[in-house]
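The block underneath contains the structure these notes are about, expressed in structure tokens.
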Amino acid sequence: MTVAHSRPPVTPGGSRAWRATALSGVAVLALVTVHMVAHHFVVQSVGGLRSYRQVLEYIGNPVIFVIESLFLVVVTWHAMLGLRSVLFDLGLSETSRRRASRALAGLGVATVAYGFALIGILASRS
Amino acid sequence: MDTATLPEPATTTRTLRVSRFSRDGRPPRFEEFEVPVTEGTTVLEALRWIRVHRDAALGLRHSCFHASCGTCGMRVNGREVLACVTDVASLGQGPVTIEPIANLPLLQDLVVDMASFYARFPLPPPLVRTSELVSASELPEGIDAHERFEDCIECGLCLSACPVVATDETYVGPAALAYAQRLLEEDRGADRAAILSWADDDNAAWRCHAAFECTEACPSDVRPAERIMALRRELVLHRETVR
Amino acid sequence: MNPNDLDAIRDARRAPGPVLRKAPGPVAWFDVRRRRAGSVAFSISRLAGLGLVFYLYLHLAVLSLLLRGPGAWGSFLRVATTPALLGMDVLLLFGLLVHGLNGLRVALIGTGVAPDRQKALLWTVMTVAAILLLYGALHILGSR
């Protein structure tokens, strides 16, 4: 039986996805800590959950608005990269991998867009 | 002490459940054998006893009997081991389940097709250890292209243990990546850029999910997982020279 | 062989006969039978990650209730402050801690920082996660 030796890179640049996942993961860890503390450990209520008025006051703060927006972008980015990693382990063909990457990028953009719209509307009501 | 007066080790009988497969269209199945073992009986010795006394058709590979050749790699009670150095007595009291290593095509019983293992390596398959080359003799031309690094005995246990290889066979696997990192570390004049380029791939260094099963399974202290991480560090630090 | 043809690569690695795996291909990473701590951590972390992706979209859907005004949000809060859903919050915290802290470990060792200490790092992050989870659970459940 002819032994075929391993080939040159098939999906080059895998380091970009890894570095992005690692960096976004570290950022998410920091931001989710802020997010969880703010939404479960600050307000004196059951579960630390905020009322409608309290949510609008919270998101109306410009600093909070920026932090939560950044959180939305980073967590969505990290989530899409994670899903990409899971999908790539399913034995997809090269074409399917490219399609999956594009689909996840689109899903990520749509998610962030919706989230921004949501935050923006709520901030405008505060 | 007069060895003639040493007591004979006690013999017990253990049940071995051995995976059988013969490419006759039937799926692999288990067959049980009652095997007499003593305190120092290895799994390989028990399997050879089966072949001599019960079924001469039992297919298995072995060679050196001392964990040097890597040929007798198999899964015993779900764990990847070299059968020649695994004592039956160390495997608890119940039946001992013996299967071929995973993630490689099955040829017969406990024998797998290692061509797929070697197909993952970035260069011509490593065959010869430097220490095996006799300096006084005239070496064949091009022999250094087939030199392998010292620790890996190419047993395939790491590939068998890897949960990522189990999921997708396009992942090159721990042995090939560890080999690539060793080529960089030993600096035998290999083309560093080509090796790093080969490793910088979604099917290569970046596919590892750090489960470390390969390091746990390796009988030769290659530590493939640690080498993969070192390879990644090399890629991160020198990515500008790779691409 | 076309170096960009994954199908050809797979064919080159196949031979007649079955390939025994510890679990069928796509879910093999999920099978933790006879696996060691590093593998179990990977599997749990990945499961937690998938759960968190699901939660991301659930969370956006829930937050959309805010657009309907205080009435809709108040109705949600009445449900969200029941013991069952507070328990789900604790599960969320568990997922965040396991995925986040193990992810930190993987990010470190994956870039070549102390890979030979990966087991010690694993037990350290899991201990920290357990402590934080206990504190968080007591706070969330005890606020009722």
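Note that this is a predicted model, so its numbers are computed, not measured. Order of the sequence lines sets the chain letters (A, B, ...), proteins ahead of strands, with each chain counted from 1.
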request  = Verify the neighbour count for atom CZ of A:F116: are there more than 12 heavy atoms of other residues, nucleotides or ligands below 6.0 Å?
outcome  = yes
ask   = Which one, A:V28, A:T111, A:I121, leads in non-hydrogen pairs under 4.5 Å with chain C?
value = A:T111
note = Of C:G136, C:G49, C:A80, C:G110, the largest count of non-hydrogen pairs under 4.5 angstrom with chain A goes to C:G110
inquiry  = I'd like to know which of A:S51, A:A22, A:G25 tops the heavy-atom pair count under 4.5 Å against chain C.
reply    = A:S51
task = Give a yes-or-no answer on whether the side chains of A:S96 and A:S93 include a donor-acceptor pair shorter than 3.5 Å.
result = yes
query = When you look at OH of A:Y52, are more than 12 heavy atoms from neighbouring residues, nucleotides or ligands closer to it than 6.0 Å?
reply = yes
query = So, C:R46 and A:D89, do they make that salt bridge, N to O below 4.0 Å?
reply = yes
inquiry  = Is A:R125 in contact with chain C via its backbone, its side chain, both, or neither, using a 4.5 Å heavy-atom distance?
reply    = side chain
remark   = Okay, A:V26 and chain C: the region with an atom under 4.5 Å from a heavy atom over there is side chain
Heavy-atom donor-acceptor pair, C:H99 side chain to C:S45 backbone, under 3.5 Å = yes
key: Under-4.0 Å salt bridge between A:R53 and A:E57   = no
key: A:S69/A:I119 under side chain to side chain contact (heavy atoms under 4.5 Å, CB included): CA gap, chis, key distance, verdict   = CA-CA 8 Å; A:S69 298; A:I119 295 175; 4.1 Å; yes
ask   = Based on non-hydrogen pairs under 4.5 Å, which of C:G100, C:G74, C:G69, C:A107 is most in contact with chain A?
value = C:G69
Segment of C:L104 engaging chain A (4.5 angstrom heavy-atom cut-off) = side chain
task = Under 4.5 Å heavy-atom distance to chain A, tell me which part of C:Y57 shows up: side chain, backbone, both or neither.
result = side chain
inquiry  = Heavy-atom cut-off 4.5 Å, strictly under: side chain, backbone, both or neither for C:L60 against chain A?
reply    = both
request  = Could you look at A:T33 and say if it's the side chain, the backbone, both or neither that has a heavy atom under 4.5 Å from chain C?
outcome  = neither
key: Proximal component of A:L83, with respect to chain C [non-hydrogen, under 4.5 Å]   = side chain
message = Does any backbone or side-chain atom of C:L56 lie under 4.5 Å from a heavy atom of chain A? Answer side chain, backbone, both or neither.
response = side chain
query = Heavy-atom distance under 4.5 Å to chain A: side chain of C:L50, backbone, both or neither?
reply = side chain
query = So, C:S75 and C:R78: side-chain donor and acceptor under 3.5 Å apart, yes or no?
reply = yes
ask   = Measuring heavy-atom distances to chain C, does A:I59 have an atom under 4.5 Å in its side chain, in its backbone, in both, or in neither?
value = neither
ask   = Just one of A:L92, A:L90, A:L87 clears the side-chain contact (heavy atoms from CB on, under 4.5 Å) bar with A:R97, so which one?
value = A:L92
